[in-house]
Amino acid sequence: MRILITGGAGFIGSHLAERLLDAGHSVIILDNFHTGSKDNIRHLLDNDYLEIYRHDVTDSYRLEVDCIYNLACPASPIHYQRSPVKTVLTSVLGVMYALNLASEIKARVLQASTSEVYGDPLEHPQTESYLGNVNTIGPRSCYDEGKRVAETVMFDYHRENHVDIRIARIFNTYGPRMSTNDGRVVSNFILQALRNEPITIFGDGLQTRSFCYVDDMVEGLIRLMDQDEIVGPVNLGNPDERSIKEIAEMVIAMIGSSSEIIYKAKPENDPMRRRPDISLAGKALGWQPSVSLEEGLPKVIDYFRPLALRHMAPARMPR
Ligand code: NAD
Ligand code: UDP
C-alpha cells in the first residue's frame, strides 16, 4: 500500500514510518519539521519506498495514497502553547485537508486524537463514552479543543461524505526519539537525572499519568487502521497508572543519579489523574500493551545518554 503519514518526522510518526516500511509498504511523510526532525528519519533515508515532503498541513495538498495517518500536530505542552493559534489551525485545518483528500481519492484516514479530549477527567479510568471536562479558554485549550473539533470534523465527513475514518485516542506515549527539548515529563526527568541536575516536579507530584511504550502504540495504531469492524474513537494507552513522583524516583534509581527532587508550580489545568480503559481496544483490535515501564524506561535512558551532555538544559513550561 501507499501510506501517507502527516507528522511522520516526529516521535511517534517516525516509529510508525519505520514499521510500515519494514512491512513492505510505500510511505510518504509530510511534515513542516516544527517539532519533528530529520534525525528521526535519517536511518530510513536510503529506503527507496520512502518519500519526504516539507509541507504545512494548514495548506492543502494532493497525493495518491491508499490511507492516511494524520499525526501532524505538536504534542508537548511547551510546544503547543508557544503558538496556540497555529496549534488550533494545525488540528482543525490539518484534519479537514486530510479528509478532503481522503474523500476525493477514497482513502481511509486515521486521526491521532488524544486523552486530552477528556481534559481533567471527573471519571476514572477514562472510557471512550466519557465526554470530558475541558476548559475552553485555558492555556491547554488550543490543543485539547483543537483535537476535539478534529474528532467532530472526522465524524461529520464520515456521516455526510461517507469518508472511511478511524480515530485513536492516544494516551501518554514515551520512547526513543522524543526530542530533547520536548519538555514532557519522561524526557525532562531522564535528561535532568543524566546531568545530575535537580528533577523538576510541577505541583506535589501526586498527579498521575499512564505511560505507553512507543512500539506498543504503533502496533495499536496499525491494528486500528487495518481492521474493518470499528471506526472509533478507541483509547490506546497503557493502563499502568503511576504518580509523577514515582516516575522521578524510578528514573533517579535506574540511572543511579545524584539529582535531588525540587517542586515547582503546577501548570494551569494540568490534569490530576489519567488512565485509559482499554477494554474496547482489547475486544475490537485484540490489542494490549506488552512493554512495562520497567522495561521501557531503560531503553529511553540509553537513547538519551549520549545526547544529554550535548544539549542545553531540558525545556521548561513557558511562564
Ligand atoms: P511530535 O511533536 O514529535 O510530532 C508531531 C509532528 O508533526 C512533528 O514532526 C512536527 O514537525 C509535525 N507538525 C506539527 N505541526 C505541523 C504542521 N502544521 N504541518 C506539518 N507538520 C506538522 O509529537 P508526537 O508525540 O509524535 O505526536 C504525534 C501525534 O500523536 C500528534 O498528533 C499528537 O497530538 C498525538 N498524541 C501524542 C501523544 C504522546 O504522548 N506523544 C499523546 C496523545 C496524542
Ligand atoms: N511534569 C513535571 N515536570 C516536568 C514535566 C512535566 O512534573 O519537568 C508533569 C506535568 O505537570 C504533568 C505530568 O508531568 O502533570 C505529565 O506532563 P507531560 O507534559 O509529559 O504530559 P501531559 O501533561 O500532556 O499529559
Side-chain angles (χ1 to χ4, degrees), residues 10-16 18-19 69 71 75-77 110-121 123-130 132 144 147 166-178 182-190 205-227 230 232-251 253-254 270-304:
F11 159 52
I12 298 178
S14 65
H15 285 273
L16 179 62
E18 188 173 334
R19 270 287 301 275
Y69 286 88
L71 270 58
S76 136
L110 181 149
Q111 167 66 4
S113 189
T114 167
S115 53
E116 295 279 344
V117 301
Y118 301 122
D120 192 359
E123 270 184 27
H124 193 79
Q126 293 80 54
T127 57
E128 289 83 355
S129 58
Y130 177 51
D144 302 6
K147 290 283 188 178
R166 301 289 180 270
I167 297 178
R169 288 187 179 154
I170 300 174
F171 283 64
N172 295 65
T173 301
Y174 72 101
R177 296 191 213 133
M178 297 180 88
D182 206 46
R184 278 183 276 193
V185 69
V186 170
S187 47
N188 263 9
F189 284 2
I190 291 177
L206 299 181
Q207 71 270 35
T208 66
R209 297 290 187 274
S210 306
F211 294 94
C212 184
Y213 191 68
V214 65
D215 290 353
D216 284 332
M217 182 55 61
V218 164
E219 176 68 27
L221 292 172
I222 292 172
R223 284 194 192 203
L224 175 59
M225 179 67 104
D226 288 351
Q227 54 74 49
I230 55 161
V234 182
N235 287 342
L236 294 178
N238 191 322
D240 180 12
E241 182 183 3
R242 310 281 181 121
S243 74
I244 295 306
K245 189 156 184 272
E246 197 182 339
I247 301 295
E249 287 163 352
M250 278 178 82
V251 167
M254 282 177 178
D270 192 302
M272 263 316 287
R273 297 187 77 185
R274 184 181 290 152
R275 176 180 165 200
D277 180 317
I278 55 166
S279 325
L280 178 59
K283 207 166 74 193
L285 314 178
W287 176 85
Q288 60 173 23
S290 62
V291 182
S292 69
L293 207 50
E294 283 71 13
E295 290 168 296
L297 279 180
K299 293 176 200 266
V300 194
I301 292 169
D302 286 346
Y303 171 78
F304 276 123

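When reading the values below, keep in mind they use all heavy atoms of this one structure, side chains included, and skip hydrogens, waters and symmetry mates. What you see is a predicted model; the values in this text were computed from it and never measured.
No donor-acceptor pair under 3.5 Å is formed between the side chain of T127 and the backbone N or O of P125. Between the side chain of R209 and the main chain of P271, a donor-acceptor pair closer than 3.5 Å is present.
When all heavy atoms of M217 and F171 are compared, the pair lying nearest together is CE-O, 4.0 Å. When all heavy atoms of D270 and D120 are compared, the closest pair comes out as O-OD2, 4.2 Å.
At a threshold of 4.0 Å, the pair E116-R274 counts as salt-bridged, since one of the basic side-chain nitrogens sits closer than that to a carboxylate oxygen. With respect to R242 and E294, a salt bridge is recorded, a charged nitrogen being found less than 4.0 Å from a carboxylate O. Using a cutoff of 4.0 Å between basic side-chain nitrogens and carboxylate oxygens, K245 and E249 are scored as salt-bridged.
Using a 4.5 Å heavy-atom cutoff, the side chains of I244 and V185 are in contact. In this structure the side chain of Q227 reaches within 4.5 angstrom of the side chain of I230, judged on heavy atoms. No side-chain heavy atom of N188 sits under 4.5 Å from any side-chain heavy atom of D182. Taking the side chain as every heavy atom from C-beta outward, N238 and I278 never approach each other to under 4.5 Å. In this structure the side chain of I222 never reaches within 4.5 angstrom of the side chain of W287, judged on heavy atoms. Side chains of T173 and I12 form a contact here, defined as non-hydrogen atoms less than 4.5 Å apart. By the 4.5 Å heavy-atom criterion applied to side chains, D277 and Q126 are not counted as neighbours. Between Q111 and Y69, the closest side-chain pair of non-hydrogen atoms is not below 4.5 Å.
Counting heavy-atom neighbours within 6.0 Å of Q288 CD, excluding the residue itself, gives a total of 12 or less.
Looking at R177 and S14, their side chains do bring a donor and an acceptor atom within 3.5 Å of each other. Side chains of N235 and S115: a donor-acceptor N/O pair is absent below 3.5 angstrom, by distance only. In the model, E241 has no side-chain atom that pairs as donor or acceptor with a side-chain atom of S210 under 3.5 Å.
The aromatic rings of Y213 and Y174 stand perpendicular to each other, their planes meeting at an angle above 60°, with 30° marking the opposite boundary.
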